[in-house]
Amino acid sequence: MLKVFKFGGASVKDAAAVKNAAAIIKQFPKDNLLVVVSAMGKTTNSLECLVDAFFYKKDTLETIYDEIKKFHVDILSQLFSDKSHAAYAQVENDFVELQWAIEDESAHSYNHHYDQIVSMGEIISSRIVAAYFNEVKSDCLWLDARGIIQTDNTYREGKVDFELTQQLAEKELVPLLKQHKLILTQGFIGGTSENFTTTLGREGSDYTAAILAYSTNAESVTIWKDVPGVLNADPKWFSDTKKIDSLTYQDAIELAYYGATVIHPKTIKPLQNKNIPLYVKSFIDSSAQGTIIKDSNKHLPIPSFIFKINQMLITISPRDFSFIAEDNLSKIFGLFHQHQVKINVMQLSAISFSVCVDMDDKKIQPLIQTLQNDYKVLYNDALELVTIRYYDQSTIDRVSINKEILMEQKSRYTVQLVVRNNK
Ligand code: ASP
Ligand code: MG
């Protein structure tokens, strides 16, 4: 049976991490493995700076490029002492391609260039990791994910064509899986019908693992992380967190959607649709049990809560004191959709509509300007959104210590609070 593994940026952040990933692979000698890797460490952030420097013609362009290249060549040289190893030439070729991508005049949109440039992080990472896996467990096949995962041309947020992707997987990938016990490919990237590269949204490698598992009817997906599994709160903000052994797809999607960074929210749907279990396990302690996400009727055993920072609360009211009814709402939703602003929480009163959104100036400012043509718009920024699943009063008290609550919404299982830190 086929297992899909995903190694994120932290699990391939340096030579030691790549060696550790290889050691994990070796623990599964009998299995057919399809491995998805992300860009190494914080490479995607560096590549985002490179895109900015390219598009806005900044003089930092060369320095950023050189740093990215040095980072990867250093890892290579720690993995392969023989400088004539084929991996060096492959990575060199990829950097030539990256150089080309930043030499062109910017003929397309920012987002289009973003995808052609930023995707190179995954391409280069996958070359290095595949070459190393090949050394320690011979016969690791490198596969270009863009030949399988097909998307539309919404750059930076490619919409996956599942039907076409599944057809390509059946035709191209399934036969390869019969010949190779280990195949390695890239997370986060896809291809369009015009052969351009798209990306699936930041942190999208988990989603890739789910798409490939869906398309090949894999037995399971395992995401290898630097945490022991899914915890009931983010250990970055709270001490005294508890690991959850087992989670339903529904609880997982609710937690991920509202900011639990442990899994990308889009990951769950393809897995749920084919009833494929998802394991979240530690790459530091690979034999520990981790968390399993699967179909079950047992909901979370304890209240779980998530903080999403950098939130903004926008209140929109018609200038003429008319009601916020369906006609106004459909117009407002249309504008949010047009500006690609996702609503995290919303609340309605007679003459106002409040929404909590991620603070992304590039998108929000134009949206607010457009809204102001017809509505009065008030907003607060630098807020936090707290979501508690299976809430109780003591958890609400615990998360709202020293915070001012600006908006609160309770449903049967979930409470959401938009809060401001009282300094
Ligand atoms: N490398 C991409 C990112 O950092 C995708 C991923 O890590 O999942 O967003
Ligand atoms: Mg990542």
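All ligand and atom numbering here is 1-based and tracks the order in the structure.
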Show me, pair by pair, the donor-acceptor contacts under 3.5 angstrom made by side chains of residues 282-290, not counting sequence neighbours?
{"unit_1": "S282", "atom_1": "OG", "unit_2": "I284", "atom_2": "N", "d": "3.0"}
{"unit_1": "S282", "atom_1": "OG", "unit_2": "D285", "atom_2": "N", "d": "2.9"}
{"unit_1": "D285", "atom_1": "OD1", "unit_2": "S287", "atom_2": "OG", "d": "3.4"}
{"unit_1": "S286", "atom_1": "OG", "unit_2": "Q27", "atom_2": "OE1", "d": "3.2"}
{"unit_1": "S286", "atom_1": "OG", "unit_2": "Q27", "atom_2": "NE2", "d": "3.2"}

Tell me whether G121 reaches ligand 1 (any heavy atom closer than 4.0 angstrom to a ligand atom). no

Decide, yes or no, whether a salt bridge links D358 with K308 under the criterion of side-chain N to carboxylate O below 4.0 Å. yes

Under a 3.5 Å cutoff, is there a donor and acceptor pairing between the side chains of D251 and Y390? yes

Indicate whether any N or O donor in one side chain lies under 3.5 Å from an N or O acceptor in the other, for T199 and R156. no

Under a 4.0 angstrom heavy-atom cut-off, which atoms of ligand 1 come close to F188? 2 (C), 5 (C)

Counting from 1 in the order shown, the ligand 1 atoms closer than 4.0 Å to a non-hydrogen atom of E122 are 1 (N), 2 (C), 5 (C)

Counting heavy atoms only, which part of S205 comes closer than 4.0 Å to ligand 1: side chain, backbone, both or neither? both

Purely on distance, is any nitrogen or oxygen of K6 under 3.5 Å from one on ligand 1? no

Check whether NZ of the Lys or CZ of the Arg K362 lies under 6.0 Å from the centre of the six-membered ring of Y110 and within 45 degrees of that ring's axis. yes

Of the choices K42, H264, R202, which has the non-hydrogen atom that lies closest to atom 3 (C) of ligand 1? R202

